[in-house]
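The block underneath contains the structure these notes are about, expressed in structure tokens.
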Amino acid sequence: MRRSLLVVVLLLLATMASAQVYKWTDAGGTVHYSETPPATGTSFKQITTNGSAPPSAKAPAVARKAGNPSETAAPAAAAQPVADTPENRDKLCTSLKANLASLEGKAPVVMQKEGKNVLLDDTERQAQVATAQKQYAQYCPTK
């Protein structure tokens, strides 16, 4: 009995070890996690199960201030908007639908605010639900 339980646990861990997760923050400050990469032009991190997150090749270059290399200036170039194509629209709608499911679920929701992870209280959660529903109605009217 113990051996079969051990085999099942090892098999589950093997599938988790090969999992790839993408993390990004949208313009509204909402943190997204997905098994598929975000729309083209979005800066993201690849999260691996061992806890490391290599920087994305699409991350914007950061200019250093003259005289103090530890201080950063504004990014060299602003991110370009994502093209409004059916494919990008479908990705956005899928992401919004997943966000709504997470926000309307019973599990705790954590967002990044000012670089820190913060647990949403009921008021903040309802505000995020309202925002996501409004965006879904705007961008996904036929879905």
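None of these values were measured; they are calculated from a predicted model.
Remark: side-chain polar atoms of N88 are paired, donor with acceptor, to backbone N or O of A83 under 3.5 angstrom. Remark: the backbone N or O of D90 is paired with a side-chain donor or acceptor of T94 at under 3.5 angstrom. In terms of modelled atom types and a separation under 3.5 Å, the side chain of R89 and the main chain of D84 share no donor-acceptor contact. Side-chain N or O atoms of R125 include one that pairs as donor or acceptor with a backbone N or O of L103 at under 3.5 Å. In terms of modelled atom types and a separation under 3.5 Å, the side chain of S34 and the main chain of P37 share no donor-acceptor contact. The backbone N or O of A127 sits less than 3.5 Å from a side-chain atom of T131, completing a donor-acceptor pair.
Using a 4.5 Å heavy-atom threshold, the side chains of D121 and E124 count as touching. K45 places none of its side-chain heavy atoms less than 4.5 Å from the side chain of Y22. A heavy-atom distance below 4.5 Å is found between the side chains of K97 and Y136. In this structure, the side chains of N99 and H32 come closer than 4.5 Å at one or more pairs of heavy atoms.
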Show the numbers, then the answer: is there a side-chain contact (heavy atoms from CB on, under 4.5 Å) between L100 and Q133?
-> CA-CA 7 Å; L100 278 169; Q133 286 173 337; 3.5 Å; yes
Might you work through the side-chain contact (heavy atoms from CB on, under 4.5 Å) test for V118 and M111, ending with a clear yes or no?
-> CA-CA 5 Å; V118 177; M111 283 183 59; 5.7 Å; no
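When all heavy atoms of L96 and C140 are compared, the pair lying nearest together is CD1-SG, 4.4 Å.
Under a 4.5 Å side-chain heavy-atom cut-off, the cluster of Ile, Leu, Val, Met, Phe, Trp and Tyr residues that includes L119 is completed by V110.
Here the OG-CH2 distance, from S95 to W24, works out to 5.0 Å after rounding to the nearest 0.5 Å.
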